[in-house]
Engineer: 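Please find one structure pasted underneath; my questions will follow.
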Amino acid sequence: MTVRDILADSVLAALADLEVEPLPTAVALERPARPEHGDWSSNVAMTSAKAAGRSPRELAAALAERLSAHPPPHVAAVEVAGPGFVNFRLRQSWLQEALCEVVREGTEGYARHDEGKGERVQLEFVSANPTGPLHVGNGWLCSYGDALGRILFRCGWSVSREYYVNDTGGQIRRLGESLLARRRGADVPEEGYQGEYVSELARAYDGPDDVGAAGRWAAGRILDNIRSTLEGLDIVFDEWFSQASIEESGAVEETVALLRDTDLVYEADGATWLRSTAVGDSRDRVLVKSDGEFTYLAGDLAYHRDKFLVRGFDRVIDIFGADHHGQVASLLAGVEALGVGPGRLEVELGQMVSLAEGKMSKRSGNFVSMDELVADIGPDATRLLSLMNSIDQATTVDLELIRRQSMENPVYYVQYAHARIASIDRVRAERGIERLPIDRVDLGLLAHARELDVLRSLSELPDVVLVACRERAPHKVTTWVRELAKHFHGFYHDCYVMGQEVGEELTQARLWLVEGARIGLAVALGLLGVSAPESM
RNA sequence: GCCCCUGUAGCUCAGUGGAUAGAGCGGCUGCCUUCUAAGCAGCGGGUCGCAGGUUCGAAUCCUGCCGGGGGCACCA
């Protein structure tokens with residue numbers, strides 16, 4: 001039972017004793033920013049003042065009195081402050097308890113949750129067209145998708161990562177045309193792909209002079225390249241789902257036929273329309289063009305029907321760039337029309353990523369590839385950099401700045417903390433110091449402000465992971481791990497673990513604190529997909 | 001015109017409706033005889049775009065306005 005639960009329960013019990021009707025369904029408990037406001041704080045007296053028929057200060061005072069009379073475990077004092085906050089001052093024992101939990105659960109178990117209860121969630125991300133290498137614009141979100149997958153997994157979901165391969169249609173045809181043009185030594189068509197990589201592929205191509213064959217061949221080669229780029233970032237997909245396969249299987253026809261049965265489909269102007277306005281879209285959408293061809297939407301709906309109704313995922317999260325914003329409403333509407341309950345499909349839109357030098361475009365060949373970026377600054381810096389801020393924030397990647405600042409990239413700050421920990425352990429072994437079992441160590445000796453900062457940080461990780469999961473916000477883990485690293489560096493600087501003037505008992509206690517910090521760093525870096533080096 | 005993001009320190013950004021809004025970078029100044037100085041500490045820096053509203057309490061929620069980015073095909 002966590003301290004928060006203990007406090008919440010005792011507050012509820014106290015409210016019941018005070019005959020507050022109705023009791024709140026949950027008691028908000030937070031960690032005040034300022035130390036003088038205690039270790040934990042609740043606003044419950046303000047939110048329940050009306051129900052109690054008393055002023056917030058009065059209710060808070062009554063609560064504080066009751067809670068002080070029979071203090072819950074770890075509680076040293078209960079105080080009323082400000083407009084009616086109930087502030088809990090805890091004994092340091094709660095932080096020592098928290099450290100024990102970290103150590104007991106370890107890297108495997110700490111900050112793990114069962115919120116997903118094993119439900120199957122599919123994450124679709126990247127899904128960049130195989131018409132050119134993965135560039136910084138469409139690759140930036142790949143760390144987000146992968147980290148979100150890791151976080152969902154830690155919170156109890158069964159996670160499947162999927163890349164939707166757009167291996168059909170006009171873009172592949174244009175790729176084929178561009179390839180053949182290059183092979184002939186001619187200029188690529190105006191709408192074609194101008195990049196140097198097309199010339200390289202053309203030199204390697206010895207297939208037939210057929211646009212379709214050439215396009216498919218090139219797309220296959222490019223996809224291999226994208227796959228290896230992603231693997232270099234430790235991103236591995238469970239499924240590479242081919243758009244062509246869904247078209248060839250007849251699933252698109254089936255899906256449209258299903259929709260025709262729903263009265264959400266009508267014919268007009270020689271085309272077949274989805275009445276998506278009936279389910280929240282701003283306009284109706286075409287499913288079958290007047291020339292008999294299916295639209296992209298029809299294929300996309302067939303694909304999503306496959307996800308939900310064929311493969312049976314409980315939940316699907318599509319991660320798109322903001323330039324796909326226009327297709328979200330119709331996709332959601334179409335999926336609902338297929339009878340998939342609301343909320344099972346989620347679309348996360350990442351705002352634009354651009355280069356300081358200008359716009360990126362595959363067609364013009366003007367882009368910086370992920371391979372170049374990774375070669376420049378390494379996979380760890382690449383991942384952490386792209387997981388620093390919310391995906392709601394448009395990002396401008398300034399390569400010049402990144403190269404110049406690569407040594408002061410926050411990733412090193414965090415990894416350095418882990419390397420220092422490993423170093424402490426090496427020295428410990430060299431000096432033949434044994435770490436005693438934690439239950440034989442007096443953790444009460446950990447009372448230095450720097451030590452308490454580290455412990456407090458560690459105790460917050462489970463909450464941080466859960467919030468990051470619920471809000472689909474991996475960057476919260478990044479924020480946390482930087483915070484922990486900051487506290488660890490402070491501790492490292494001020495608190496020698498094995499110095500001569502440090503007593504053996506304190507050394508033992510600090511060794512366990514260091515172990516706790518190691519676990520916290522390892523868990524968080526693992527969720528972000530950043531390595532935790534033993535030395536730097 | 002409609003839809004989605006966004007506006008917080010010189011710059012890049014954090015900030016689950018809480019109390020005196022934070023960090024990194026850049027600038028200046030200190031700290032290596034101990035386990036890694038890729039570190040620590042200090043100084044300076046703010047009308048949280050503007051105006052209303054909801055609330056005991058708003059950077060956070062609602063409305064309007066202004067600025068920035070993106071999207072609004074019988075393209076994919």
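To find a chain, count down the sequence lines: A is the first, B the second, and so on, and within it residues start at 1. Fair warning: this is a prediction, and the values are worked out from it, not measured in the lab.
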Engineer: Nearest of B:rU6, B:rA41, B:rU16 to any side-chain atom of A:R450?
Structural biologist: B:rA41
Engineer: A:T255: which residues meet the side chain to side chain donor-acceptor pair (under 3.5 Å) condition with it, sequence neighbours left out?
Structural biologist: A:R305
Engineer: Do the side chains of A:E515 and A:R518 get close enough for a salt bridge, i.e. N-O under 4.0 angstrom?
Structural biologist: yes
Engineer: Does a side-chain heavy-atom distance below 4.5 Å link A:Q415 with A:D380?
Structural biologist: yes
Engineer: Base, sugar-phosphate, or nothing for A:E30, non-hydrogen atoms under 4.0 angstrom?
Structural biologist: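 Here A:E30 touches the bases of the nucleic acid.
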Engineer: Please enumerate all residues that pass side chain to side chain donor-acceptor pair (under 3.5 Å) together with A:E471, with sequence neighbours excluded.
Structural biologist: A:K476
Engineer: Just one of A:V411, A:I402, A:L399 clears the side-chain contact (heavy atoms from CB on, under 4.5 Å) bar with A:I377, so which one?
Structural biologist: A:I402
Engineer: Over all strands shown, is A:T396 touching base, sugar-phosphate only, or nothing at heavy-atom distances under 4.0 angstrom?
Structural biologist: nothing
Engineer: Can A:H475 be said to stack with the base of B:rA14, given centres closer than 5.5 angstrom and planes under 30 degrees apart?
Structural biologist: no
Engineer: Donor-acceptor pair, A:R89 side chain versus A:E36 backbone, under 3.5 Å?
Structural biologist: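 Checked: pair present.
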Engineer: Can you tell me how far C1' in B:rC56 sits from the matching atom in B:rG17, rounded to whole Å?
Structural biologist: 12 Å
Engineer: Using the test side chain to side chain contact (heavy atoms under 4.5 Å, CB included), find all partners of A:V211 that sit at least two apart in sequence or belong to another chain.
Structural biologist: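 Side chain to side chain contact (heavy atoms under 4.5 Å, CB included) check on A:V211 returns A:R173, A:E177, A:L180.
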Engineer: Is the phosphate of B:rG68, meaning OP1 or OP2, less than 4.0 Å from a side-chain N or O of A:Q351?
Structural biologist: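 Checking B:rG68 against A:Q351, no side-chain N or O comes under 4.0 Å of OP1 or OP2.
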Engineer: Should A:H487 and A:E483 count as side-chain neighbours, where that means a heavy-atom distance under 4.5 Å?
Structural biologist: yes
Engineer: Classify the nucleic acid contact of A:A81 as base, sugar-phosphate or nothing, counting any heavy atom under 4.0 Å across all strands shown.
Structural biologist: base
Engineer: Measure NZ/A:K50 against P/B:rG57 and give the value in whole Å, please.
Structural biologist: 10 Å
Engineer: Are A:H489 and B:rA37 close enough that a side-chain N or O sits under 4.0 Å from OP1 or OP2?
Structural biologist: no
Engineer: Using the side-chain heavy atoms of A:E36, tell me which of these nucleotides is nearest: B:rG70, B:rU20, B:rA14.
Structural biologist: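 Among B:rG70, B:rU20, B:rA14, the one nearest the side chain of A:E36 is B:rU20.
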Engineer: Here's a test of your reading of the structure: between A:H325 and A:T479, which maps to the more 5' nucleotide of RNA chain B?
Structural biologist: A:H325
Engineer: Using the test side chain to side chain contact (heavy atoms under 4.5 Å, CB included), find all partners of A:R428 that sit at least two apart in sequence or belong to another chain.
Structural biologist: A:D425, A:I433, A:M498, A:L511
Engineer: At less than 4.0 Å, is any side-chain N or O atom of A:R57 found next to OP1 or OP2 of B:rG57? Yes or no.
Structural biologist: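 No, outside the criterion.
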Engineer: For nucleotides 28-35 of chain B, which of its nitrogen or oxygen atoms have a protein nitrogen or oxygen under 3.5 Å away, and what is each distance?
Structural biologist:
unit_1	atom_1	unit_2	atom_2	d
B:rC35	O2'	A:S423	OG	3.1
B:rC35	O2'	A:Y492	OH	3.3
B:rC35	N3	A:V497	N	2.9
B:rC35	N4	A:Y492	O	3.2
B:rC35	N4	A:C495	O	2.8
B:rC35	N4	A:Y496	N	3.2
B:rC35	N4	A:V497	N	3.4

Engineer: Out of the candidates A:D284, A:L264, A:L287, only one should pair with A:S276 under the side-chain contact (heavy atoms from CB on, under 4.5 Å) rule; please name it.
Structural biologist: A:D284
Engineer: Identify all pairs in which a protein N or O lies below 3.5 Å from an N or O of nucleotides 74-76 of chain B, and state each distance.
Structural biologist:
unit_1	atom_1	unit_2	atom_2	d
B:rC74	OP2	A:R283	NH2	3.0
B:rC74	O2	A:S290	N	2.7
B:rC74	O2	A:S290	OG	2.9
B:rC74	N3	A:S290	OG	3.2
B:rC74	N4	A:D269	O	2.9
B:rC75	OP2	A:K289	NZ	2.5
B:rA76	OP2	A:Y296	N	3.2
B:rA76	O2'	A:N166	ND2	2.8
B:rA76	O2'	A:Q171	NE2	2.7
B:rA76	N1	A:Q327	OE1	3.3

Engineer: Sequence neighbours left out, what passes side chain to side chain donor-acceptor pair (under 3.5 Å) with A:S127? Give chain and number order.
Structural biologist: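 For A:S127, the residues satisfying side chain to side chain donor-acceptor pair (under 3.5 Å) (neighbours in sequence not counted) are A:E124.
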Engineer: Going by the ring pair (Phe, Tyr, Trp, His ring centres under 6.0 Å) test, which pairs reach into residues 395-414 of chain A, not counting sequence neighbours?
Structural biologist: A:Y413-A:H489
Engineer: What is the distance, to the nearest angstrom, from the CG atom on A:D281 to the P atom on B:rC4?
Structural biologist: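 From A:D281 CG to B:rC4 P: 13 Å.
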Engineer: For A:S290, give me all partners under side chain to side chain donor-acceptor pair (under 3.5 Å), at least two apart in sequence or on another chain.
Structural biologist: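 Partners of A:S290 under the side chain to side chain donor-acceptor pair (under 3.5 Å) test: none.
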Engineer: Grab the CG-P distance between A:N409 and B:rC13 for me, whole Å please.
Structural biologist: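 That distance rounds to 15 Å.
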Engineer: Is there a donor and acceptor pair, one atom on the side chain of A:T478 and one on the base of B:rA14, closer than 3.5 Å?
Structural biologist: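 By the distance-only test, no, there is no pair.
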Engineer: Which whole number of Å gives the distance between the P atom of B:rU16 and that of B:rG7?
Structural biologist: 12 Å
Engineer: Kindly label the base of B:rC25 as syn or anti, based on whether its glycosidic torsion lies within 90° of 0.
Structural biologist: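 Glycosidic conformation of B:rC25: anti.
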Engineer: Could you run down the sub-3.5 Å N/O contacts of the protein with nucleotides 22-26 of chain B?
Structural biologist:
unit_1	atom_1	unit_2	atom_2	d
B:rC25	O3'	A:E408	OE2	3.1
B:rC25	O2'	A:Q405	NE2	3.2
B:rG26	OP1	A:E408	OE2	3.4

Engineer: Expected output check: what is the dot-bracket annotation of RNA chain B, where ( ) and [ ] are pairs inside the strand (brackets for crossing ones), | is paired with another strand, and pairs are Watson-Crick or G-U under 3.5 Å?
Structural biologist: (((((((..((((....[...)))).(((((.......))))).....(((((..]....))))))))))))....
Engineer: Just jot down the side chain to side chain contact (heavy atoms under 4.5 Å, CB included) partners of A:A28, sequence neighbours excluded, or say none.
Structural biologist: A:N43
